[in-house]
Amino acid sequence: MRAAVAGLPGQVQIVEFPEPKLAPGELILAPLACGICSTDVKLVQRGAEEANYALGHELAGRVVAASQESRWSVGQRVVAVPYLPCGECFYCRHAQPTLCGRLFDTAFLPGALAEEIWVPSRISECGLFSIPDDLPDEIAALAEPVGCVVKGIQDANLQPGDTVLVVGDGPMGLFCATVARAYGAARVLVAGLTPSRLACAGEYYADQIIDLNQEELVGTVQDATEGRGADVVMVAVSDGEALLNGIKAVRPGGTVNAFAGVSNGVQIPLDVRKLHYQQFFLTGSFGLGPEHMAKALQLLGSGRIDVAPLITARFPFESVAEAVAYAADRTGLKPVVIF
Ligand SMILES: [Zn+2]
Ligand SMILES: [Zn+2]
């Protein structure tokens, strides 16, 4: 069976992998749809010497083989967490599953962009969720990134009635905007630099867009909040400067979440006096656990969030390279590979 892998830096290759084999409790999925995100872009740009893993982790699939011990049956449509914490270590016992040192030890393989995907028994037991009948494959595939956002919004301690500022107009930023609304945000501001993305934000997700080509972030947020600043700031841009601006735009006692991953070594000068007297919270969020994916699927399935406008390009499996290039280009929003 074929899988899309990172090859030489900047290249995607489609290569042959051995057929997965089934042991007790395990499953085989055929992918239906897979979202492409900046993690895939990063893996492709970095390149891989050996093609051990397929790209893709935002998966909706169909069960095509299930061992007798499994509670799933052939034909069911499911989403799956791409990795599963061990459930036993210090961090797992302290309800901080994405700090688990063995987070990636239990994963579906070789990845979502493969014609067949092996699901280990632990994921089949507690990391798989049935897709509601009327939810399209391509929307269900986004339960993974939306689940990461659910975790991020929970980590930011968003309260009903809050004013939320999202710094960043990419797919994750706009997921943050819609999930914030579902968690009770009274007002959502989205700041960014890309006119086409800001237009989508303004049409579907934000009460106010802040075009950083023309407007200054902190003053605009203050004007919108009686001078206080935002209650919650989600920084969904891989950039230290964006985080620094997010910190300047938060109200005293509010929370800033460094939600986007950044490269090694990115540092910011932190005004420690302000941190002390204004008592704001600075946190980060990474990844998701099964409970976050379950919540994401519930939000998607109930229609409480609508992410359909974010899917701006669809590609066949043979064109994964184009899908990754589309995500890297950052003018559209979410590309999805449809099988
Ligand atoms: Zn992703
Ligand atoms: Zn653990």
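In each ligand, atom 1 is the first atom listed, and ligand 1 is the first ligand listed. In this chain, numbering begins with 1 at the start of the sequence shown.
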- prompt: Looking at residues at least two apart in the chain, or sitting in another chain, which of them share a side chain to side chain contact (heavy atoms under 4.5 Å, CB included) with Ile268?
  reply: Leu243, Leu244, Ile247
field: If only protein N, O or S atoms under 2.8 Å count, total around the Zn ion (ligand 1)
entry: 3
message: Taking Arg330 first and then Asp169, would you say they form a salt bridge - that is, a charged N and a carboxylate O separated by under 4.0 Å?
response: no
message: Between Asp231 and Arg251, does any NZ, NE, NH1 or NH2 come within less than 4.0 Å of an OD or OE carboxylate oxygen?
response: yes
task: Look at the aromatic rings of Phe104 and Tyr83 and report parallel, tilted or perpendicular, splitting at 30° and 60°.
output: perpendicular
query: Is there a side-chain contact (heavy atoms from CB on, under 4.5 Å) between Phe108 and Trp118 once you walk through the steps?
result: CA-CA 6 Å; Phe108 62 67; Trp118 170 83; 5.9 Å; no
message: Would Lys151 pass as a cation-pi partner of Phe286, given that its NZ or CZ must be under 6.0 Å from the six-membered ring centre and within 45 degrees of the axis?
response: no
